[in-house]
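First up is the structure itself, then whatever we jot down about it.
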Number of protein chains: 2
Amino acid sequence: MARNCRFAVAVHVCAVLTLRREDPPATSDWIAKSVNTNPVVVRRLLSALGKAGLVQSQRGISGGSTLARDPAAITLLEISRAVDADEGPPLPQQEPNPACPVGANIRPILTDILGRAEAARERELHGITLADIAAAIRARQDL
Amino acid sequence: MARNCRFAVAVHVCAVLTLRREDPPATSDWIAKSVNTNPVVVRRLLSALGKAGLVQSQRGISGGSTLARDPAAITLLEISRAVDADEGPPLPQQEPNPACPVGANIRPILTDILGRAEAARERELHGITLADIAAAIRARQDL
DNA sequence: TAATATGTAACCAGTATGATTACATTGTTG
DNA sequence: CAACAATGTAATCATACTGGTTACATATTA
């Protein structure tokens, strides 16, 4: 997992689009007020989500963004991959010493371990859809 | 998962200590040559591992570090927690707008999701011990 | 044609990371 | 006891990344 807030904000953005599914497109300005950030930050995320095919945007008057698919068909894993580029496992750029038995063999082992950890995280996110998020929000509203 | 290499290097360091279990203590200088980094970087990690009770260090001539426990009793989760402080879920510092239905409710939902993702990653690391790492290294050597 | 929205580039301040130097402290050994 | 060799840690530095902001070209609609 990257140490930034892009995923969290992207889910917030998508949640807004999900709850506003029947309404006219949401502008980056409107969404930014809900997130409490700058509209450009929202547009950057929407651009990434659009390239991943999760969202559609329209320019001009009465423009804005809408979900491209059924919320039940969009997983949080897709959102994560859309906004956070895969940078590979966090290994030091400097290669270890091949003259040491550990240095000579640890690299692929670490890559495997870090890959498995990341896969576990992704499996979790794959099991959650935007429909689940919307349901959780509605449940909290009805308290 | 943090976006740094501390965990990877810490596992490398511990793997060295595991393979040298029957030998005299390893110096930070020696380990640094295997990792291919600066001895101070190694000492910082050894210091954190020591505070977590995974490693013991001795000053002075013929000093150095050794594993504090059986390699089969040290999990990668312990190593991860020792060298990477828990910074909590990566949420924006700016709170969302409580006047928006999404902004008012998304925070605890995001916290839950990010917590579940992190828990999945930790479950994976909990299942791997230093003995497994040592075995993997030996298996690669015997090719 | 005027108004409004997206799409992006450019820039900035704040922060994290890892490498490095420096030095005090501790322990060993001759 | 004196010299040496190791850890422990503070301080500094270059690099990189993040998120916020301004600016402006482009597209779309009324």
Side-chain angles (χ1 to χ4, degrees), chain A residues 1-10 12-13 17 20 23-33 35-52 55-66 68 82-88 90-96, chain B residues 1-10 12-13 17 23-33 35-52 55-66 68 82-96:
Chain A
M1 178 164 60
R3 194 62 221 174
N4 61 44
C5 308
R6 280 198 285 267
F7 173 68
V9 176
H12 184 150
V13 169
L17 298 186
R20 293 189 41 139
D23 303 320
T27 68
S28 64
D29 224 63
W30 197 94
I31 303 174
K33 288 208 175 69
V35 176
N36 204 359
T37 184
N38 193 290
V40 175
V41 173
V42 173
R43 267 179 260 154
R44 277 202 281 245
L45 291 173
L46 283 169
S47 173
L49 292 167
K51 279 166 188 161
V55 153
Q56 276 176 344
S57 297
Q58 278 286 320
R59 297 190 183 192
I61 296 180
S62 82
S65 300
T66 50
V83 300
D84 274 313
D86 181 16
E87 304 164 274
L91 295 170
Q93 54 285 51
Q94 203 68 24
E95 301 238 334
Chain B
M1 177 165 61
R3 193 62 221 176
N4 61 42
C5 308
R6 278 198 287 266
F7 173 68
V9 176
H12 183 149
V13 169
L17 298 186
D23 303 321
T27 67
S28 64
D29 223 65
W30 197 95
I31 303 174
K33 289 208 174 69
V35 175
N36 205 1
T37 185
N38 193 290
V40 175
V41 172
V42 172
R43 266 180 261 155
R44 279 202 280 248
L45 291 174
L46 283 170
S47 173
L49 293 167
K51 278 164 188 159
V55 152
Q56 275 176 344
S57 297
Q58 276 288 319
R59 298 190 181 192
I61 295 180
S62 82
S65 300
T66 50
V83 300
D84 274 313
D86 181 15
E87 304 164 272
L91 295 169
Q93 53 283 62
Q94 203 69 24
E95 300 240 334

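Side-chain atoms are counted along with the backbone in the values below, which use heavy atoms only and exclude waters and symmetry mates. Letters A, B, ... are given to chains in the order of the sequence lines, protein chains preceding strands, and every chain is numbered from 1.
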Review point. Are side-chain heavy atoms of A:V35 and A:V41 found at a separation under 4.5 Å?
Key: no
Check your understanding: Which part of the nucleic acid does B:S28 contact within heavy-atom distance under 4.0 Å: base, sugar-phosphate only, or nothing?
Key -> sugar-phosphate
Study note, to complete from the structure: note: A:D29, atom CG; C:dT6, atom P; distance rounded to Å ~ 7 Å
Revision key, fill the gap. Correct closest heavy-atom pair for B:N36 and A:P96 would be CB-CA, 4.2 Å
**Study point:** A:L91 CG - C:dT17 C1' separation (whole Å)
**Key:** 15 Å
Check your understanding: Rounded to whole angstrom units, what separation is found between the CG atom of A:N38 and the C1' atom of C:dA9?
Key -> 14 Å
Review point. A:T37 side chain N/O closer than 4.0 Å to the phosphate oxygens (OP1, OP2) of D:dG20?
Key: yes
Using the 3.5 Å cut-off, write out each protein N or O paired with an N or O of nucleotides 1-4 of chain C and the distance between them.
none

Revision key, fill the gap. Rounded to whole Å, CD of B:Q94 lies from C1' of C:dG14 at a distance of 15 Å
Practice item. Taking the side chain as every heavy atom from C-beta outward, state whether B:L17 and B:L46 have any atom pair closer than 4.5 Å. Key: yes
Run the side-chain donor-acceptor check on residues 56-63 of chain A: report pairs under 3.5 Å with partners two or more places apart or on a different chain.
unit_1: A:S57; atom_1: OG; unit_2: A:S65; atom_2: OG; d: 2.8

**Study point:** Straight-line distance of A:K33 NZ to A:S28 OG, nearest 0.5 Å
**Key:** 9.5 Å
Study note, to complete from the structure: CZ of B:R3 to CD of A:E87, rounded to nearest 0.5 Å, is 4.0 Å
Exercise for review: Using whole Å, report how far CD1 of A:I31 lies from P of C:dA5.
Suggested key: 12 Å
Review point. Between B:R6 and C:dT17, does any side-chain N or O lie under 4.0 Å from OP1 or OP2?
Key: yes
**Study point:** Atom pair CG (A:L49) and NZ (A:K51), whose distance is rounded to the nearest 0.5 Å
**Key:** 11.0 Å
Check your understanding: Separation of A:Q93 atom CD from C:dG18 atom C1', in whole Å?
Key -> 8 Å
Point to revise | Heavy-atom side-chain contact between B:L45 and B:V9 under 4.5 Å | key: yes
Review point. Atom CD of B:Q58 to atom C1' of C:dT29: distance rounded to whole Å?
Key: 15 Å
Under 3.5 Å, N/O pairs linking protein and nucleotides 9-12 of chain D:
unit_1: D:dT9; atom_1: OP2; unit_2: B:S47; atom_2: OG; d: 3.2
unit_1: D:dA11; atom_1: N6; unit_2: B:R44; atom_2: NH1; d: 3.4

Review point. When we call it a touch if two heavy atoms are under 4.0 Å apart, what does B:N4 touch: a base, just sugar-phosphate, or nothing?
Key: sugar-phosphate
Review point. Between C:dT6 and A:S57, is there an OP1 or OP2 to side-chain N/O distance shorter than 4.0 Å?
Key: no
**Study point:** Integer-rounded Å distance: C:dG14 C1' and A:R3 CZ
**Key:** 16 Å
Study note, to complete from the structure: When every non-hydrogen atom of A:A8 is compared with those of B:P92, the smallest separation belongs to CB-CD, 4.1 Å
